[in-house]
Amino acid sequence: MHACVSARSSLLFLAPQSRYRRHVVGFSPPASTGRPLSCFFIHLWSQREKLTMEQPEPTTEARSAGGTEDTNTGKRKHDEPDAPETGGRGKRRREAGGKKLRPGERYIPPPQKRNPGVSFSQEHFDETSYYFEGGLRKVLPYYYDFKTYCKGRWVGKSLLEVFKSEFRAESIEYYERAAKEGRIRLNESPVEDLSVVLRNNDCMRNTVHRHEPPVIGAPLKILEDDGEVLVVDKPASVPVHPCGRFRHNTIIFILGKEHGVSELHTVHRLDRLTSGVLLFARTLETSKKLDQMVRDRQLEKEYVCRVEGEFPEGELICEEPILVVAFKIGLCRVDPKGKECRTVFQRLSFNGKTSVVRCLPLTGRTHQIRVHLQYLGFPILNDPIYGSRAWGPHRGKGGLVGKSDEELLQALVEEHRSQENSLLLDLTDDCVGVTSEAGKVGKADPGADKGGKSFPAPAEDCSGKEKSDKGPSEEAQSVRSAEISGPQDSAQGTPPGTRDHLCSECKLVRADPTKKELVMCLHALRYKGPDFEYSSSLPDWAKEDWEDTDFS
């Protein structure tokens, strides 16, 4: 037995497997001969040309069909794949691999590779334009294609079933009307009947009339642009890059539209409600260099914040480990199972109600400054997450919450829904909707008009560096607004000439956000490396003569 395996292996090594394998596998030497077993394999090798010549010629029928027939399986092998058939009555379309489609079967193209980075061109910047009103930067509504591939749990379900179960931000009547108008496409073909059953690799595209929330209208200040790095003073309320409901009202798009700057590499991120120094690398080489500095902890970051209460004088160090309890929304808390963490605090001033505190994060955990200040009992003023009453009567001081992670998350969702500001107050680091995460704890999604998320999820990248212990989610969810009971003073409506007859957002009138809703008192004051230092001026709320009534 061992001799046979060895000889066979030797033969397979010498002969091209695709040409001679069936002769070797089917070979069995006569038992009556006295010659060594290897002699038969040598003889077989010497007869290889004869064995090849003895293969049956393809039949006339096989030749006329353009291929040969495998004698073992009976299946026809074509010399080259057929191109898809496009004309001729009675012919069936073939997929790229040559497979014929059965009657009624849909052609599904192979999935496209996703671009791992974010790169925007003038074509993207020209989708719409800004206008300024009441101190806010606003975006004219525009048409936009959301795209997503069929998820595993959708396979075998109809589009109608998927809309009913997962995309409840709009009514089924809306999706039916949108399909009739060609706004919903499957593999780039318009879908008129939502009963079509989804298959693996189906690509779904939905054209929507997109509305973006307003942000603070302060101009974007460029602190440095030397060809290697671009440093800006980021206003509060503006996300760094497209994610969730934000696209044009982002730092990346404002730089591209108003300053002609593109092809930037993100070095670090700031939360949407945080202001201050923000770095971008102009070249890939500079990006790699700064990334290495981040990993080697050669970069010093200094923040300033205003907290509730009288912060202790002197230097205070917090080294409590931080655990991410909901990765998709970046929700964190102090926990012994968390990652090691260290932040140095120093009080700068106290006005009788609130304190201005200098913060030096020596590690780069998600929401590190905000979580440590909450643990110390001095949450940041206007922090919509870690200053929330959802954490209990002590608001998480000393790590005391008294709720499970699921209960805490649901309490945060309920609080923000009751305030009708789920669009304005991010419960995320990477702009992922909190409502989609809350839905996983077994309750209905409360953040949308009709209890669900929009279809489909944006395909835009929300990646960032240094900010998170774990990368952001693969797909950022588009979150609809909470119900608005009716018109209010200083209301934000859809500008004339930009309305869409199918868009539910166009029918809503909502109040403009206030400064209290758009500003959290946390500012990145300074960013320092081995051979550079960038800093911005103190925000108004960090000055000693600032009055708390400004946010009342």
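These numbers come from a predicted model, not from an experiment. For the single chain, residues carry numbers from 1 onward in sequence order.
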* To do: Please list all pairs passing the side-chain hydrogen bond (donor to acceptor under 3.5 Å, both in side chains) test where one or both residues lie in residues 220-237, with sequence neighbours left out.
  => Asp225-Arg282
* Asked: Is the backbone N or O of Asn249 less than 3.5 Å from a side-chain atom of Glu212, with the two atoms forming a donor-acceptor pair by type?
  -> yes
* Would you call the rings of Phe132 and Tyr130 parallel, tilted or perpendicular, where under 30° means parallel and over 60° means perpendicular? -> tilted
* Would you please classify the geometry between the Phe125 ring and the Phe253 ring as parallel, tilted or perpendicular, with 30° and 60° separating the classes? => perpendicular
Is it true that the side chains of [X] and [Y] contain a donor and an acceptor less than 3.5 Å apart?
| X | Y | value |
| --- | --- | --- |
| Gln368 | Thr363 | yes |
| Thr354 | Arg306 | yes |
| Ser388 | Glu415 | yes |
| His241 | Thr250 | no |

* To the nearest 0.5 angstrom, please state how far the CZ atom of Arg153 sits from the CG atom of Leu198. => 12.0 Å
* Asked: Can Lys543 be said to sit on top of Trp546's aromatic six-ring, NZ or CZ under 6.0 Å from centre and within 45° of the ring axis?
  -> no
* Is Glu258 atom CD crowded by more than 12 heavy atoms from other residues, nucleotides or ligands, each under 6.0 Å away? -> yes
* Looking at residues at least two apart in the chain, or sitting in another chain, which of them share a salt bridge (Lys or Arg N to Asp or Glu O under 4.0 Å) with Arg358? -> Glu302
* Asked: Quick one: which of His372, His367, Arg333, Gln374 gives a side chain to side chain donor-acceptor pair (under 3.5 Å) with Tyr386?
  -> His367
